[in-house]
There are 4 protein chains.
Amino acid sequence: MTKTASVVGASGFTGGELLRLIDSHPEFELEAATSREYTNKTLGSVHPNLRGIEQRFSDPTELASVDVLFAATPHGVSMEQIDAFREVADTVVDLSADFRLDSEDQYEEWYDGHSRPELLDESVYALPERHRDELPGASLIAAGGCNATATVLGLGPLFDAGILEGDEQIVVDVKVGSSEGGAGGGDASSHPERSGVVRPYAPTGHRHEAEIVQEFGCSVAFTAHAVDMVRGASATCHVFPDEPVSTGDLWSAFRESYDDEPFVRLVAGGSGVYRYPEPKAVAGTNHAEVGFELDPSNKRIVVFSAIDNMMKGSAGQAIQAANVAFGYDETAGLDFQGLHPVGTP
Amino acid sequence: MTKTASVVGASGFTGGELLRLIDSHPEFELEAATSREYTNKTLGSVHPNLRGIEQRFSDPTELASVDVLFAATPHGVSMEQIDAFREVADTVVDLSADFRLDSEDQYEEWYDGHSRPELLDESVYALPERHRDELPGASLIAAGGCNATATVLGLGPLFDAGILEGDEQIVVDVKVGSSEGGAGGGDASSHPERSGVVRPYAPTGHRHEAEIVQEFGCSVAFTAHAVDMVRGASATCHVFPDEPVSTGDLWSAFRESYDDEPFVRLVAGGSGVYRYPEPKAVAGTNHAEVGFELDPSNKRIVVFSAIDNMMKGSAGQAIQAANVAFGYDETAGLDFQGLHPVGTP
Amino acid sequence: MTKTASVVGASGFTGGELLRLIDSHPEFELEAATSREYTNKTLGSVHPNLRGIEQRFSDPTELASVDVLFAATPHGVSMEQIDAFREVADTVVDLSADFRLDSEDQYEEWYDGHSRPELLDESVYALPERHRDELPGASLIAAGGCNATATVLGLGPLFDAGILEGDEQIVVDVKVGSSEGGAGGGDASSHPERSGVVRPYAPTGHRHEAEIVQEFGCSVAFTAHAVDMVRGASATCHVFPDEPVSTGDLWSAFRESYDDEPFVRLVAGGSGVYRYPEPKAVAGTNHAEVGFELDPSNKRIVVFSAIDNMMKGSAGQAIQAANVAFGYDETAGLDFQGLHPVGTP
Amino acid sequence: MTKTASVVGASGFTGGELLRLIDSHPEFELEAATSREYTNKTLGSVHPNLRGIEQRFSDPTELASVDVLFAATPHGVSMEQIDAFREVADTVVDLSADFRLDSEDQYEEWYDGHSRPELLDESVYALPERHRDELPGASLIAAGGCNATATVLGLGPLFDAGILEGDEQIVVDVKVGSSEGGAGGGDASSHPERSGVVRPYAPTGHRHEAEIVQEFGCSVAFTAHAVDMVRGASATCHVFPDEPVSTGDLWSAFRESYDDEPFVRLVAGGSGVYRYPEPKAVAGTNHAEVGFELDPSNKRIVVFSAIDNMMKGSAGQAIQAANVAFGYDETAGLDFQGLHPVGTP
C-alpha cells in the first residue's frame, strides 16, 4: 500500500534531498523527478549521492497522477502551477514560501502580490511540532522557512509556557550555510568569496521573520549571517521576559514541549565538547537541537536552536509532515542519526 | 535471531561509527560499548549524534559474551587482548593494524614485534571486494587500513585484468582527512594548525603501503598528504603498464571487477560537476567511487579512488565483512546514500 | 634611533604576531623572543612564516634591558612577573587580561583575586581610538580583549553621539575564530571536532563583557559563538535607543568618530559582495570594519564590527598603542592591507 | 624617480593582487586600474582590502602612457591587444598564458592558434629563479602558470645538478585552490559544490604541463586536483633518477640552487608541525617552500613545492620580474612574511 510521490524541481538542492528521502522511505515510491534543464539525464548526474538510482529526470510539463506531489520550485512558481499540481495529486507539499503565510496582507507586506490568495488560509504550515493536529488529511501543506523553523522551535516552549507573551524584546541572531542560496548563485556564492565568511546578509527585514510573527503574534528583531557551512541553520534568541524565571522553569517549559517529540533534542550544558545545540551535530538528519541558558545579570534567556536547513528546515520537515498527513509513523524514512565526527556540515 | 555485538574502544571515532551502524542494523543488537575513560557516561556525551541511544559506556574489563566483538582500539591493544576477546565472542572483527598482515616478517618490517604472530595467518583481511570467499565463518577478521583500502580498490581491476603484473612503476598519492588521526591529537591536529592544509605527513614509508604490497605483490611509491577534510581518503594512482591499453580495455577491466559490487561505483568522466571520484560524494556512506583516465602522451593510467575513511575505510568495511561472515545481506545496515550538497566532509 | 623590543611568551599565537610586526617595523628592533619550551630553537620552527628570521627563542628568565617589553603570556602571568618586566623595560605592553580593568572590584567580579591591584588604575587601556590621549609616555599599557575591542569599536560612536546613554537594551552576539583559544587546546579544539562549528561557547558571563561595561557604563547581554575561522572576531550589536534616530544620524555619528581614524573603515551597504563588515576583509591587518543598519520596524540599530582578533584585537593593537606611546607614526609597521580573495581567515 | 604602472583587467583576482602590490611598492605608482565592467567604481567595491585606495577603475580603452603595463586579462586577450599595450608602455608584463611558450608549435599543441606567434620567441618567461639574466630591459615578460611555477621550482635543482636529465619517469600530482578559477566561475565553483573537495579537475593534459616540458625538455605525467583552499598550489613530484642519490646529494643540489634566492625556502624535515612545504605557510607572500625526501625502498625522490598561486604563481612573480627588469631591489614591495596561524589560505 505504498503511495506514489513525485518531486517537481528535483534538480535543486531541496529537490535532491526529497529524492533521497523518498528513495529510502518505506511507504513512498518515487514516480517522477522533474527538471526542465536536466530532462532525461540521470539523477546522479546532478546529485552524485543518488548514482545508484536508475530513474531519470522527467519533463515537468508531463506530470502523471500521484498520491503526493512535492514542489521544490523557486518562490512564486507554486502559486502559478498549483492547479496543475492539484490536478495530478491529492496532496501537495510545497517547499517554497508561496503558502507559508495565512493572509494576503501578510504576504504582500513581506513578499509581493499573491496570485492565489484564497489558498493561503487553506494551506497548513508543515511544522508538526506546532501544527500536528492540522496535518492529517491536509491537501496543501507548506514547509516552513529554515530560519523560521529554527527560531520557532527555539522560542515555542517559552510562549507555550507563558514565559513570553508577545510584547517582550526578542532578538534573533541567525547563522546559516551556503546551501540556503540554492544551486548556482552569483559572485557572492562563489567559493573564493564565500569561504570563511561571517557575513551579514539580511541585517533587517528577512522574510522568515514573517513566519515567526505569524506563529507567536510577537515582534522580533531578526538578523541573519552567512557563515562557512553548506548545511545548517543556527538561531540564537536573546529574550527578556517581563517576569523573573528560574533555570528550573526553563527546563520544565522545554521538557513539556519536547519530551515526546521524536525529532527535538534538548541540549543545555552538560559535559564534553557538545554542550549546546550545533548544526554539526544534526547535519544530514531531521533532528533539531534546542537548548538555553539563563543570564541572571540581565534577566535574559538565551535560547539556541540548530537544524540542518535542508532537512528539518525543508525536505525533512516536508516528509515528516507528509508522514503525519498520511497517518504513517512520523519518523518513517527519517531515521538517519547523523555522523560524528563530521567536517563543515 | 539477531546477534549480539559489543564494541571495545567505543569512545573513539571508529568506535562511534560502529555504534551508529550497529544501532540501525537489522541483525545486530548492541550489547556493550566499552570505554575506560567514559565508563557510565552516555554515548551521546562523546558522540553527539547518538544522543538518542539510552545505553552508556561500560567497563572494558567486564565483557559479557556476545556473538561478535568489534575491537576499535589503538594499534597494539588487540594482539594483547585477543584471548580475552575470543573468550567472550565467537567472532572478532579488529579495526586496528594488528592482524592485517599475513606474516610476522612483514609485520616486523612495517611495525614492531608481534606478540601473537601465529594468528596472522589465521586472520582474514576484511575487504569483501577481494576476500569475500574467505569471510563466511571466519573467527578473526582484520579491517584494512583506510589508505590501503582506497588504493587496493583503485588498482585491483588492473591486476585482475592482467594490465598490471607487479613489476610496473606505481605511484600512489593519497589525500586524507583529520579523523584519521583519531580523537585528541597533538598540536598538529589543533584547528588553527590543521585548517586548510595540504601537508605531506608521510612522504615515504607509510605503513598502509604494506597492505598494498601484500595484496598485489607489487612495489609501490606511496605518499600521503593531510588535506582539509575530517572524513575522506582519496587515492590517485599513476601507473605505467608495460603494454599499451585502450580506454575500452580499462572500462572492461573495471566493469568486470565491480559491476556486481554493491558498494563500488565507477565514475569516470561524464558531464556535470562530479566527473571523477570524490570523498565528498561518498561521505558518511560505505561506498567507494573508482574511476580512471588514460594519458596517451605518457602511457599512463591515472586511477582515482575515493572513500570515507571512517566507513568503507574502517567501520563500514567491518560491518560489511561481518555481514558476509554471518551470511546476512551484505548491505544490511549500510544503506545510507550520503548527502548532496555537503560541506567539507 | 630605533628602540629595542622584547617579546615574552613569543611561541604563542599573539607572540608570533608581535615578532612578525616588530621584524618589519621601521622603529623597533627585536632584542629577545622568549619561550620556556622552545629556548634555543629557531622562531621558524614554531612560526613557519618567520623562517627568514635568524634569531632564536631565548630563556624567559634572562631578560636584557630594552625600551619596550611586550608580554604575550597567559592570563595571570604578567601580574606575577610585572616587577621583573618593569625592571628591564621602561614601557610594558601587556596582552593578557591582567591590567585591562580599572579596579580590583571589577577584576574580582570577572576573574579572581589580583596580586597587584594598585597597578590597575595606573595601566592604560590600549585602544587608541578611545584612549589615544592617555598613551603618550604610558609605562604600562594593556591591550584589550578581542571581542571587547570589536564591540567597543562598534558601539563607541553611538555613545559618543549620545544616541546611547547606558540604560538601553544592548545585545551583542559575537562570532570568533579558533586562534582565540591559543596554541594547543583540548579535544574541543581538535580539527575533527572544531571544524565547521557554530558553537555557543560563552552563552553568558563572557569576561570581555567587563571591558565593555567599563568603557561605556552600560549593561550588555553578550553571547559568543565559535565559528569556522582561525582568525577573526565579528560582533553584531542589536541596540534599541530610547529616542528615534535616522540613518543620517547614524552616518553622522560614525563619521564623526572614525573619519580621521587610520584603522577604522565604515562599511555600510553599497554594492558588490562585501557590503557589511567581515572578518575576511581585514584578515591579517590592523583594520577594523564597522557598519550599521537601521531597522525601522522595531526601532533597532544593528551595528556590525569585524576585526582580526590576532591583530586589531591583540598584537596589532599593541603595536599601534606602542606607536602612539613613543610618538611614532601611528601606522608604523601596520600597513599590510590584507588579501582578496582569501579563504577562511 | 618612481615608475608609473597600469593594470589592465584589474577587477579580477590577479589584477587585484597587482593593485595591492603596486600600492605598497616603493618604486611604482599606480596610474590606471582598468575594468570594463566596473569603470568608475571604487577599487574597494570589488577588492574589499583596497578600500583605503581612492582611485577608481577606468575604461580599458583609454590607456594613458606608463612605464609598465601589467595585463591580467583572460587567456587570448593579450595577444589581441598587445600592440595597444606596447604603444602606451615600454614594458608589458603579461599574466595570461599568451606569451609563456616559446614557439607557435608548442602553443598550438596545448592551446589554439596564436595570432602573434612572432612575439613568442621575444617574450621572457618571468620566473627570476631560472630566467633572471634575461629580464633586465625586457619589454615583454610572461608570468608563468601557477602549477608550472610550483613544479619548476621543485624540479629545477634536480635538473641543474644533473640528477635528472629529462628521460626519467616524473609524476607530478598538484593540489590547487579555488582562486585559480578566477572570479565568478560556474556551478562547480559555487560554495556548496566546491567546499571540501578533493576533486580531480585535470587528470591529464593540463596546459601548465607545456611550461614544464619547455623548461626541462622532459616528459611529465601531470595531474591536478582541486582542494579546499582559495589560495595555494602544492606540487608533489615523484621522480625516479637513473643513478642512486643520497640525501646529502639532494641537500647539495637544493642548496646550490636556492641558497641565494630571496624567495625560496628549503623545508625538509626538522621538528614541529611544519616539516615540509605547505601552501598555508606562504599564503599571501611571494615565497616558495621547496623540500624533498628520499625513498630508499623504490629509489624515488619525492619533491614538495608550495606557493601562493596568486603571488609567486602570478602577481607576485610579475612584480618580482618587473623589479629585476627595472634594476630595482628584487624584493621591493614583496616583503610580506605571511601569517601564523592562518586558516584555509
Side-chain angles (χ1 to χ4, degrees), chain B residues 169 171 173 175 177 186-188 190-201 203-205 209 219-223 225 227-230 232-234 236 238 240 269 272-280 283 291-300 302 304 306 340-345, chain D residues 169 171 173 175 177 186-188 190-201 203-205 209 219-223 225 227-230 232-234 236 238 240 269 272-280 283 291-300 302 304 306 340-345:
Chain B
Q169 193 69 265
V171 172
D173 193 294
K175 297 90 183 166
D187 277 2
S190 76
H191 185 266
E193 307 289 20
R194 181 65 174 70
S195 288
V197 298
V198 179
R199 177 177 294 166
Y201 84 89
T204 66
E209 212 176 303
S219 161
V220 72
F222 187 99
T223 297
H225 304 76
V227 298
D228 199 345
M229 301 189 291
V230 168
S234 165
T236 300
H238 311 261
F240 300 84
V273 170
Y274 298 84
R275 294 179 291 161
Y276 294 96
E278 290 196 30
K280 257 183 91 138
F292 55 84
E293 188 159 303
L294 189 62
D295 188 346
S297 74
N298 47 37
K299 298 174 186 160
R300 175 180 51 141
V302 193
F304 302 103
H340 176 247
V342 69
T344 305
Chain D
Q169 193 69 265
V171 172
D173 194 294
K175 299 88 183 165
D187 277 1
S190 77
H191 184 267
E193 307 290 19
R194 181 65 173 71
S195 288
V197 298
V198 179
R199 177 176 293 164
Y201 84 88
T204 66
E209 212 177 303
S219 161
V220 72
F222 186 100
T223 297
H225 304 77
V227 297
D228 198 345
M229 301 188 292
V230 168
S234 164
T236 300
H238 311 262
F240 300 84
V273 170
Y274 297 84
R275 294 179 291 162
Y276 293 96
E278 291 196 30
K280 258 183 90 138
F292 56 83
E293 188 159 302
L294 188 63
D295 188 346
S297 75
N298 47 36
K299 297 174 187 159
R300 174 181 51 141
V302 193
F304 302 103
H340 176 249
V342 70
T344 305

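These numbers come from the heavy atoms of this one structure, side chains and all, not from hydrogens, waters or symmetry mates. A, B, ... follow the sequence lines: proteins, then strands. Residue 1 opens every chain.
- Side-chain contact, D/Asp173 with D/His238: no donor N or O sits under 3.5 Å from an acceptor N or O.
- Your options are B/Pro296, B/Pro345, B/Gly343, B/Ser195, and the one with the most heavy-atom pairs under 4.5 Å with chain D is B/Ser195.
- When the candidates B/Gly272, B/Ala306, B/Pro200, B/Pro341 are compared by the number of heavy-atom contacts under 4.5 Å with chain D, B/Pro200 comes out ahead.
- Taking every heavy atom of both residues into account, B/Val273 and B/Glu278 meet most closely at O-OE2, 4.3 Å.
- Only the backbone of B/Pro277 comes within less than 4.5 Å of a heavy atom in chain D; its side chain stays farther off.
- A distance of 13.5 Å separates NZ in D/Lys280 from OG in D/Ser234, rounded to the nearest 0.5 Å.
- Looking at B/Thr204 and B/Phe222, their side chains never come closer than 4.5 Å, going by heavy atoms from C-beta outward.
- Of all the listed residues (B/Arg194, B/Glu209, B/Arg199), the one sharing the greatest number of non-hydrogen pairs under 4.5 Å with chain D is B/Arg199.
- Heavy atoms closer than 4.5 Å to chain D are found in the backbone of B/Val220, but not in its side chain.
- The candidate from B/Gly196, B/Pro279, B/Gly177, B/Gly232 with the greatest count of non-hydrogen atom pairs under 4.5 Å with chain D is B/Gly196.
- We find the OG1-NZ distance between B/Thr236 and D/Lys175 to be 7.5 Å, quoted to the nearest 0.5 Å.
- For D/Val302, the part lying under 4.5 angstrom from a heavy atom of chain B is the side chain only.
- In this structure, chain B has a heavy atom under 4.5 Å from the side chain of D/Arg300, while its backbone stays farther away.
- B/Thr223 touches chain D through backbone and side chain together, each having a heavy atom under 4.5 Å away.
- In this structure the side chain of D/Pro203 reaches within 4.5 angstrom of the side chain of B/Tyr276, judged on heavy atoms.
- Contacts between B/Gln169 and chain D at a heavy-atom distance below 4.5 Å involve the side chain alone, from C-beta outward.
- Neither the backbone nor the side chain of D/Val230 comes within less than 4.5 Å of any heavy atom of chain B.
- Note: B/Val171 leads B/Val227, B/Leu294, B/Val342, B/Val171 in heavy-atom pairs under 4.5 Å with chain D.
- Only the side chain of B/Tyr274 comes within contact range of chain D, with at least one heavy atom under 4.5 Å from a heavy atom of that chain.
- Heavy-atom distances place no part of D/Phe292 under 4.5 Å from chain B, backbone and side chain included.
- For the set B/Val198, B/Asp228, B/Asp295, the entry with the most heavy-atom pairs within less than 4.5 Å of chain D is B/Val198.
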